[in-house]
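Data first, discussion second: the structure below is written as structure tokens.
Atoms within a ligand are numbered from 1 in the order they appear, just like the ligands themselves. Residue numbers run from 1 in the order of the sequence given.
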Amino acid sequence: MESREARRREYLDAMGIDRWERRSLKPTPASPPAPAVVTTRDTTDISQMDWDLLQGAVHNCTKCALHKTRTQAVFGVGNRDADWLFIGEAPGAEEDRRGEPFVGRAGQLLNAMLFAVGLKREDVYIANVLKSRPPNNRDPQLEEVEACEPYLLRQIELIKPRIILALGRHAAHSLLKTNLALGKLRGRRLSYHNTPLVATYHPAYLLRNPVDKSKSWQDLCLARSIVGGA
Ligand code: URA
């Protein structure tokens with residue numbers, strides 16, 4: 001084989017014909033290793049999310065069937081450094097339409113309750129246990145609460161409020177994992193994941209039962225004393 005090739009060269013040289021030499025097959029340098037992807041946090045772990053990731057996750061959430069019937073998820077609103085965190089049950093029709101919690105009639109009463117203790121809506125943070133509206137305002141179901149709770153827990157971790165106000169029976173029951181009547185839960189200092197919590201009447205209930213507004217006022221005063229003394 002070697003001698004045949006040598007002879008071919010001699011012939012071609014002799015004939016004055018340029019020879020085509022097969023290029024030596026240089027080994028291609030190994031491509032540089034891909035830079036290591038440095039992940040400093042798990043962007044799918046709700047407990048590690050920052051505000052932007054959390055808000056995006058809530059807006060795109062399909063963890064329960066409520067995403068099929070909602071207009072939009074209702075994340076929460078207000079001061080992300082608030083001392084006071086108000087937690088309602090779930091968005092209603094107006095909240096579902098506008099994407100903000102407590103903007104209907106109950107929300108107007110909530111604003112008045114805030115004003116009564118010297119707070120403005122912008123001072124506090126307002127959220128719901130459920131981020132999506134249950135159809136026809138039906139009661140939240142356990143699996144919906146369980147699916148949504150990690151979002152609320154992360155909101156609480158980020159805000160670090162000094163007091164949580166649970167607004168109404170459903171919010172209180174969902175947070176405290178109890179079925180005790182609201183009348184037994186309100187009026188005392190409770191706790192949710194190490195944050196002091198006061199349960200009180202839902203503003204929508206107070207619109208129907210204004211006689212209980214004075215008890216709600218007492219609950220707000222208790223909350224104020226906890227914030228003041230915390
Ligand atoms: N009721 C709630 O519990 N939350 C809202 O956002 C509105 C009404």
### Query
Going from OH on Y125 to CD on Q155, what distance comes out if it is rounded to the nearest 0.5 angstrom?
4.5 Å
### Value rounded to 0.5 Å, distance of CD1 in I159 from CZ in R154
11.0 Å
## Note on the structure
Closest to atom 7 (C) of ligand 1 (heavy atoms only, candidates E100, H170, E95) is E95
### Query
Atom NZ in K131, atom CD in E149: separation rounded to 0.5 Å?
10.0 Å
### Query
Taking Y201 as the fixed residue, which of M113, R186, R169 is the one that meets the side-chain contact (heavy atoms from CB on, under 4.5 Å) rule?
R186
### Query
Can you list every ring-ring contact (aromatic ring centres under 6.0 Å, His included) pair that touches residues 137-165, not counting sequence neighbours?
none
### Summary
Among non-hydrogen protein atoms, atom 4 (N) of ligand 1 lies closest to N128 OD1, 2.8 Å
### Heavy-atom gap A106 to ligand 1 smaller than 4.0 Å
no
## Note on the structure
Counting from 1 in the order shown, the ligand 1 atoms closer than 4.0 Å to a non-hydrogen atom of H202 are 1 (N), 2 (C), 3 (O)
### Task
Would you indicate which of G88, A90, G168, P101 comes nearest to atom 5 (C) of ligand 1 when only heavy atoms are counted?
A90
